[in-house]
Undergrad: 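Below is the structure I would like to discuss, written out as structure tokens.
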Amino acid sequence: MSCEEVAALIRRIAVGFTMLFLSGFLILYYAIRKLACATSDLCTSASLGPGPTTIHNVDVLVSVFVISVLFVLLVGLGNLNNTEDRRR
């Protein structure tokens, strides 16, 4: 195997593991969210008045986390590509 093939394999593995992690995280989060909404009043805004519910704030945090993990992955992959271009 040449260095380019190894680098491409590492990139594919990194992307695969990151997507597997994010998928598992989101599945687990939404299962817990569904349980929390079914057993408490976190999803209703009647107790809080007008505005976002408590679970909405957690949804925003989860969205920011997922987007930041994808951003870090893309930056890391971009750095790998730049490193390979400099070696040539």
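Index from 1, following the sequence.
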Undergrad: Are there more than 12 heavy atoms of other residues, nucleotides or ligands under 6.0 Å from atom CZ of Phe17?
TA: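 12 or below, so no.
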
Undergrad: Looking at OH of Tyr30 and SG of Cys37, how far apart are the two atoms once the value is rounded to the nearest 0.5 Å?
TA: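 The distance works out to 10.5 Å.
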
Undergrad: Are Val64 and Phe71 joined in one hydrophobic group, where the rule is that I, L, V, M, F, W and Y side chains link up if heavy atoms are under 4.5 Å apart?
TA: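 Different hydrophobic clusters.
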
Undergrad: Do you know which of Val66, Val72, Ile67 makes side chain to side chain contact (heavy atoms under 4.5 Å, CB included) with Leu70?
TA: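 Of the listed residues Val66, Val72, Ile67, the side chain to side chain contact (heavy atoms under 4.5 Å, CB included) partner of Leu70 is Val66.
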
Undergrad: Rounded to the nearest 0.5 Å, how far does CZ of Phe65 lie from CG of Leu22?
TA: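 Leu22 atom CG to Phe65 atom CZ measures 6.5 Å (nearest 0.5 Å).
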
Undergrad: Nearest 0.5 Å, please: how far is CD1 in Ile55 from CD1 in Ile32?
TA: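 One gets 10.0 Å once the value is rounded to the nearest 0.5 Å.
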
Undergrad: Count I, L, V, M, F, W, Y as connected when their side-chain heavy atoms are under 4.5 Å apart, and connections chain through other members. Are Ile10 and Leu74 then in the same cluster?
TA: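 In one cluster: no.
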
Undergrad: Report yes or no: do Met19 and Phe21 belong to one cluster of Ile/Leu/Val/Met/Phe/Trp/Tyr joined by side chain heavy-atom distances under 4.5 Å?
TA: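 In one cluster: yes.
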
Undergrad: Decide yes or no on side chain to side chain contact (heavy atoms under 4.5 Å, CB included) for Val62 and Leu26, but give the supporting numbers first.
TA: CA-CA 8 Å; Val62 167; Leu26 288 174; 3.9 Å; yes

Undergrad: Just verifying a value: how many Å separate Cys43 SG and Lys34 NZ, rounded to the nearest 0.5 Å?
TA: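 So the gap between those two atoms works out to 11.5 Å.
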
Undergrad: What are the two closest heavy atoms between Leu73 and Ala14, and how far apart are they?
TA: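 That closest heavy-atom pairing would be CD1-O, 4.2 Å.
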
Undergrad: Return the minimal non-hydrogen interatomic distance between Thr39 and Leu35, and the atom names on each side.
TA: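 Closest approach of Thr39 to Leu35: OG1-O, 2.8 Å.
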
Undergrad: Give, for atom CG of Asp59 and atom OG1 of Thr54, the distance between the pair rounded to the nearest 0.5 Å.
TA: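 Atom-to-atom, Asp59:CG and Thr54:OG1 are 11.0 Å apart.
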
Undergrad: To the nearest 0.5 angstrom, please state how far the CG atom of Leu61 sits from the NE2 atom of His56.
TA: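 Here the interatomic distance stands at 10.0 Å.
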
